[in-house]
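Notes follow once the structure below has been shown.
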Amino acid sequence: MADNATKSMDDIMALCKRRGFIFQASEIYGGINGFWDYGPLGAQLKKNLRDAWWTDVVMLGAGGQMGPDGKPVEIVPLDSCIIQNPKVWEASGHVGGFNDPMVTDKSTPDGRRFRADHLQGIYRYSDPLKRTTDTIDTAGGEPTLKMHSEVAIPNATVIASGPDEAVSLLESDKSLQKIVGIKSIGKTGYSEGYQFGVLVMADFGKGPEKALITTTNLALRFYPDLVPSPFTGKIGGLSEPRAFNLMNHTFTGAVFNEDNKVYLRPETAQGIFINFKNVVDSTRVALPFGIAQTGKAFRNEVTPRNFTFRSREFEQMEIEFFCHPDDSKAWYVFWRDWRMAWWQGIGLEGENLILREHDEGELAHYAKEGAGTSDIEYKFPFTAPGYGELEGIADRTDFDLKQHQEHSKKKMEYHDKTRGELAKNGQPKGEWYLPHVIEPSAGLDRGVLAILCEAYTPDPDRASGVYMKFHPRISPIKAAVFPLVKKDGMPEIAEPLFAELRKRFGHLGTIEYDEKQSIGKRYARMDEAGCPFCFTIDSETLTDQTVTVRDRDTLEQSRLAIDQVGDFLAGKLGV
RNA sequence: GCGGGCGUAGCUCAAUGGUAGAGCGUCAGCCUUCCAAGCUGAAUGUUGACGGUUCGAGUCCGUUCGCCCGCUCCA
């Protein structure tokens with residue numbers, strides 16, 4: 001397996017366009033940032049990957065293996081709408097959470113930006129710099145003015161998701177200490193009742209002194225020009241926090257007004273949660289079970305980048321697996337390990353794929369402390385030597401069902417008839433509870449991109465200079481049939497073979513037929529398209545009814561009876 | 001949004017302010033007996049768009065659109 005760090009993303013993108021895998025959306029109008037169209041080969045490749053997921057996840061139930069409870073895994077499908085009632089996104093936290101206010105730092109040469117709520121301030125006790133201001137309290141609904149609140153201005157700042165992370169960053173990074181202007185730092189053993197901050201002993205140059213590390217929300221909001229930059233330490237470069245709406249919206253109905261504003265879903269997951277009761281009531285499913293769906297989702301990414309990796313329109317393949325809270329750990333481990341094995345099984349078996357358990361501190365808003373979260377990550381050429389996420393497996397606990405229960409006022413609890421005290425007749429009385437959810441959430445476009453990158457194999461020894469080493473199950477073209485030359489009765493034998501293969505395997509992918517130009521040129525084209533097998537009718541076929549099988553990866557040629565070609569291909573495709 | 005780079009044929013690139021070209025690819029015909037062979041021919045451009053300077057603009061100036069890279073992000 002070639003190291004992806006040596007592969008050129010530009011070359012891969014060029015091949016994708018040249019061979020019809022992926023095109024820039026709206027290309028004839030100059031394109032549109034963050035949107036990509038799939039060409040003939042790409043669309044088939046994407047469908048094959050989606051179908052493989054659907055077959056293995058839904059129809060076979062986690063590939064047909066037993067779950068941690070020793071029973072077959074039950075998954076039912078769903079297809080929910082892209083547009084839902086806007087209240088769905090209020091309940092899920094997306095309307096709030098996806099409007100992250102950002103701050104631009106003009107003291108950096110490139111005008112760096114960061115999330116306002118990720119700026120941690122370091123406040124010296126000996127040197128309190130406070131400004132009096134009026135703040136607006138909107139907590140009670142009607143805005144009320146709170147007079148003369150004091151806003152503390154931090155002496156230094158650092159970017160971290162919380163005070164604890166800020167401390168560990170500062171402890172370990174000497175260059176960061178220099179920017180911030182601290183010679184040493186260490187946590188103190190006591191808290192003095194600060195809930196949202198961490199007390200430290202920090203040396204600003206006059207020996208260790210007491211300081212507090214906490215968020216800078218108010219200071220940034222009212223006095224951004226007094227807050228030191230986390231990148232340069234300079235004062236005066238920070239902008240006010242500004243909201244960037246990461247959800248796309250449109251309007252339903254004939255009138256375009258605020259009342260008719262609706263959102264394009266930023267994830268498919270919520271469509272599953274809001275249909276949880278419907279599925280339970282209409283389908284004879286019992287916990288533990290999962291609901292799965294694939295579909296488009298939309299995010300107004302600030303800067304789409306890296307080909308299709310971060311797009312504004314993308315497709316997800318998500319499972320929400322519901323189980324009893326006591327069983328969530330076991331199911332989390334089960335899904336995490338099986339999903340990793342699945343990606344390996346469709347062609348990402350090399351070292352470019354890793355399973356990474358999240359550190360504490362980078363948990364998503366829905367994931368609880370201590371609950372499992374991990375990523376299946378792929379080393380893309382543009383992330384190498386780092387990795388980019390393909391799929392996230394998260395224990396979402398009962399967060400989502402609870403949110404929807406609160407916002408919708410509809411009971412989301414599940415009645416588990418296998419639990420509870422025993423009644424007089426010896427049967428359990430049943431137990432009501434909110435299930436916990438394990439979510440394996442994969443990016444289909446990212447999967448396609450990873451497969452493209454993995455398959456891309458430069459080979460200076462062959463005519464095309466490169467070939468696409470797709471797993472036969474995923475490959476958009478399954479086989480090609482060639483008459484060696486367009487005469488001597490070879491086309492007359494090749495055409496029926498082509499028809500036979502197409503009838504038998506056409507539902508899985510393309511079967512090619514080509515009799516034009518030299519055989520070498522046809523092989524070279526199939527290499528770039530990633531066709532795993534070529535069957536060539538030659539002069540020997542005329543006498544002994546065997547054909548040449550040309551293997552894409554090994555370039556080996558072997559002979560096979562023409563009436564065995566179908567079974568040979570079936571074996572290779574695993575069908 | 002800020003900063004930087006770039007827009008000529010499907011691709012890679014030429015063209016001193018003076019008739020828009022080449023190679024590759026694609027297609028057709030001939031030929032070809034296993035890895036982009038050869039021969040003959042064909043199609044393909046409002047030089048991203050709009051405006052200005054000029055006798056004349058792919059080239060100079062302005063505006064605009066789009067793409068790429070960095071910051072941000074996490075399917």
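Labels below follow one simple rule: chain letters A, B, ... track the order of the sequence lines, proteins then strands, and each chain is numbered from 1.
Residue contacts for M317(A): at a heavy-atom cut-off of 4.0 Å it reaches no nucleic acid atom on any strand shown. Heavy atoms of S311(A) sit under 4.0 angstrom from at least one base atom. Counting any heavy atom pair closer than 4.0 Å across all strands shown, E528(A) reaches a base atom. Within 4.0 Å (heavy atoms only), E315(A) reaches no atom of the nucleic acid at all. Counting any heavy atom pair closer than 4.0 Å across all strands shown, L444(A) reaches no nucleic acid atom. Base engagement by R550(A) is indicated by at least one non-hydrogen atom pair under 4.0 Å involving a base atom. Using a 4.0 Å heavy-atom distance criterion, E389(A) is classed as a base contact. Residue-level contact check: F309(A) touches the bases, meaning some heavy atom is under 4.0 Å from a base atom. Among the protein residues, R446(A) comes within range of the nucleic acid bases, having at least one heavy atom under 4.0 Å from a base atom.
For rG25(B) and rA36(B), the C1' atoms lie 10 Å apart once the distance is rounded to whole Å. For the P atom pair drawn from rU63(B) and rG3(B), the interatomic distance equals 14 Å after rounding to whole Å. As rounded to the nearest Å, rG62(B) and rC6(B) have P atoms that lie 15 Å from one another.
Ring centroids of F533(A) and F568(A) are separated by less than 6.0 Å, placing the two rings close together.
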Please list, for nucleotides 41-47 of chain B, all pairs of protein and nucleotide N/O atoms separated by less than 3.5 Å.
none

Can you tabulate the close N/O pairs, meaning under 3.5 Å, that link protein atoms to atoms of nucleotides 24-28 of chain B?
from: rU26(B); atom 1: OP1; to: R525(A); atom 2: NH1; distance (Å): 2.5
from: rU26(B); atom 1: OP2; to: K521(A); atom 2: NZ; distance (Å): 3.4
from: rA28(B); atom 1: OP1; to: K516(A); atom 2: NZ; distance (Å): 2.8

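Of the candidates rC34(B), rC73(B), rG10(B), rG10(B) carries the atom nearest the K17(A) side chain, counting heavy atoms from C-beta on. Taking the side chain of T536(A) as heavy atoms from C-beta on, and the options rC11(B), rC34(B), rA75(B), the nearest nucleotide is rC34(B).
K46(A) is linked by a salt bridge (charged side-chain N to carboxylate O under 4.0 Å, His left out) to E315(A), D445(A), counting only residues two or more places apart in sequence or in another chain. Residues meeting the side-chain contact (heavy atoms from CB on, under 4.5 Å) test with A529(A), sequence neighbours left out: L41(A), I477(A). Listed by chain and number, the residues in a side-chain contact (heavy atoms from CB on, under 4.5 Å) with Y387(A) are I354(A), E377(A), K379(A) (sequence neighbours excluded).
Among all heavy-atom pairs drawn from W53(A) and Q293(A), the shortest one is CH2-O, 3.9 Å.
Taking atom OH of Y523(A) as the reference point, atom P of rA36(B) lies 11 Å away to the nearest angstrom. Across the protein-nucleic acid pair, R299(A) atom CZ and rC74(B) atom P stand 7 Å apart, rounded to whole Å.
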* Asked: Dot-bracket for RNA chain B, 5' to 3', with Watson-Crick and G-U pairs under 3.5 Å, [ ] for crossing pairs and | for other-strand pairs: what is it?
  -> (((((((..((((....[..)))).(((((.......))))).....(((((..]....))))))))))))....
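Under a 4.0 Å N-O distance rule, the pair E318(A)/R396(A) does not qualify as a salt bridge. A salt bridge is defined here as a Lys NZ or Arg NE, NH1 or NH2 lying under 4.0 Å from an Asp or Glu carboxylate O, and E528(A) with R18(A) meets this definition.
Cation-pi check for R446(A) over F309(A) is met; the charged atom lies under 6.0 angstrom from the ring centroid and within 45 degrees of its normal.
When the nearest nucleotides of RNA chain B are assigned to L484(A) and S518(A) by heavy-atom distance, the more 5′-ward of the two goes with L484(A).
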